[in-house]
Amino acid sequence: MSTGSLEEQLRPQLLSGLAYERLLAEIVSGRLPPGQRLRLDLLAHAWSVSRTPVREALQRLVDMRFVQVSPSAGTRVAEWSTDDMIERAHVVGRLIVEKTCAGPPLRVHLQDPLLSDDACELLGYLELAEHLISRELGRLGTRIVRDHIDPLRLFVDPQTAIRHGVDFAADRASRRNLLSAALDAIGRQEPVAAREALDAFSGSFIDALGSGTAQTAA
């Protein structure tokens, strides 16, 4: 198969992925608020693409409950809140604990970028979760990353989190220590210790997300 033919086959998939990533980022950041109408033609025109990749991206977001379609209201950004992110964090937390040390040893060199001085411990945790879940669950893991981990990555951006009333500054040092302990335990192939540290990290993450829900309710 020629390079040109391969590019022609890959281009729609790439465009669909880019449209999805852009829409997801706009929704999670709040730049596209709940209730915002999403017009297929206007989005395709604004991004200089055909309707097909935008339609596919919207369908993926419908499946993730970030977009809703109704005969009367059309396609709109769905009502969602920090509770949706808490649900995703619960799923990721359960899976990462179940899959820790379940397969081949984790590459120890992953510890450095995850715990550098300027690294966000939440992003490090999600990167570790992606590695473990993808390694153990294959194609299903890829979908879990797309539907659960990717939105959480966008949400933990400081400006986005604050916009939703979530402050991740509290307990940051404790979470860094837990992530360090988990990575050390994984490197030593001590699954019980790794699971305990990751379970505690997950609980702290969910508590921090819950602080935003409590503030909104108040």
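In this structure, the side chain of Arg76 does not engage the main chain of Pro34 through any donor-acceptor pair within 3.5 Å. Panel note: side chain Arg60, backbone Tyr20; no donor-acceptor pair is recorded below 3.5 Å. Using modelled atom types, one side-chain atom of Ser29 and one backbone atom of Glu26 make a donor-acceptor pair closer than 3.5 Å. Looking at His131, its side chain never comes within 3.5 Å of a backbone N or O of Leu126 through a donor-acceptor pair. Side-chain N or O atoms of Arg146 include none that pairs as donor or acceptor with a backbone N or O of Gly141 at under 3.5 Å.
Heavy atoms only, all atoms of each residue included: His164 and Thr82 are closest at O-OG1, 4.0 Å. Here the shortest heavy-atom pairing between Val77 and Leu32 reads CG1-O, 3.8 Å. Here the closest heavy-atom approach between residue Val28 and residue Pro151 is recorded as CG1-O, 4.2 Å. The two atoms that bring Ala129 and Val92 nearest to each other are CB-CG1, 3.7 Å, heavy atoms only. Taking every heavy atom of both residues into account, Asp167 and Ala169 meet most closely at OD1-N, 3.0 Å. Between Leu179 and Leu128, the shortest heavy-atom contact is CD1-CD2, 4.1 Å.
Linking ILVMFWY side-chain heavy atoms closer than 4.5 Å, directly or via other members, places Leu18 and Leu42 in two distinct hydrophobic clusters. When hydrophobic clusters are built by joining Ile, Leu, Val, Met, Phe, Trp and Tyr residues whose side-chain heavy atoms come closer than 4.5 Å, directly or via intermediates, Val156 is not grouped with Ile162.
Applying the side-chain hydrogen bond (donor to acceptor under 3.5 Å, both in side chains) test to Asp157 and every residue at least two apart in sequence or in another chain returns Thr160. Applying the side-chain hydrogen bond (donor to acceptor under 3.5 Å, both in side chains) criterion to Glu130, with sequence neighbours excluded, gives Arg153. Scanning for side-chain hydrogen bond (donor to acceptor under 3.5 Å, both in side chains) contacts around Gln36 gives an empty result, with sequence neighbours left out.
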Inset, instruction - Could you walk me through whether His90 and Ser202 pass the side-chain contact (heavy atoms from CB on, under 4.5 Å) test, one step at a time? - result: CA-CA 8 Å; His90 272 294; Ser202 174; 5.9 Å; no
Inset, instruction - List the steps, then state whether side-chain contact (heavy atoms from CB on, under 4.5 Å) holds for Arg22 with Trp47. - result: CA-CA 10 Å; Arg22 183 165 183 174; Trp47 297 343; 3.0 Å; yes
Inset, instruction - Dump the intermediate steps for side-chain contact (heavy atoms from CB on, under 4.5 Å) on Leu152 and Phe205, then the final yes or no. - result: CA-CA 11 Å; Leu152 284 168; Phe205 185 14; 4.1 Å; yes
Inset, instruction - Would you please test Asp147 and Arg143 for salt bridge (charged side-chain N to carboxylate O under 4.0 Å, His left out) and show each step? - result: CA-CA 6 Å; Asp147 293 355; Arg143 178 160 185 170; 3.2 Å; yes
Inset, instruction - Test side-chain contact (heavy atoms from CB on, under 4.5 Å) on Ile144 and Leu137 and set out the steps. - result: CA-CA 9 Å; Ile144 291 169; Leu137 297 181; 3.7 Å; yes
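When side chains are defined from C-beta on, Leu43 counts as touching Leu23, because their heavy atoms get closer than 4.5 Å. Side chains of Met64 and Arg88 form a contact here, defined as non-hydrogen atoms less than 4.5 Å apart. Trp80 places none of its side-chain heavy atoms less than 4.5 Å from the side chain of Val67. For the pair Leu122/Arg172, a side-chain contact is recorded, criterion being any heavy-atom separation below 4.5 Å from C-beta on. Side-chain contact between Phe66 and Asp84: absent, with no pair of heavy atoms (C-beta onward) separated by less than 4.5 Å. With contacts defined as side-chain heavy-atom distances shorter than 4.5 Å, the pair Arg175/Phe168 qualifies.
To the nearest 0.5 Å, atoms OG1 (Thr75) and CZ (Arg55) are separated by 10.0 Å. To the nearest 0.5 angstrom, Met85 atom CE is 13.5 Å from Ile206 atom CD1. Rounding to the nearest 0.5 angstrom, the gap separating the CG atom in Asp171 from the CG atom in Asp207 is 8.0 Å. In this structure, Ser134 OG and Arg139 CZ are separated by 13.5 Å, a value rounded to the nearest 0.5 Å. Note: Ile149 CD1 to Thr142 OG1 = 10.0 Å, rounded to the nearest 0.5 Å.
Arg39 CZ: 12 or fewer foreign heavy atoms inside a 6.0 Å radius.
Between Glu79 and Arg65 there is no salt bridge, since no side-chain nitrogen of the basic residue lies less than 4.0 Å from a carboxylate oxygen of the acidic one. For Arg176 and Glu121, the salt-bridge test fails: no basic side-chain N is under 4.0 Å from an acidic carboxylate O. Between Asp199 and Arg195 there is no salt bridge, since no side-chain nitrogen of the basic residue lies less than 4.0 Å from a carboxylate oxygen of the acidic one.
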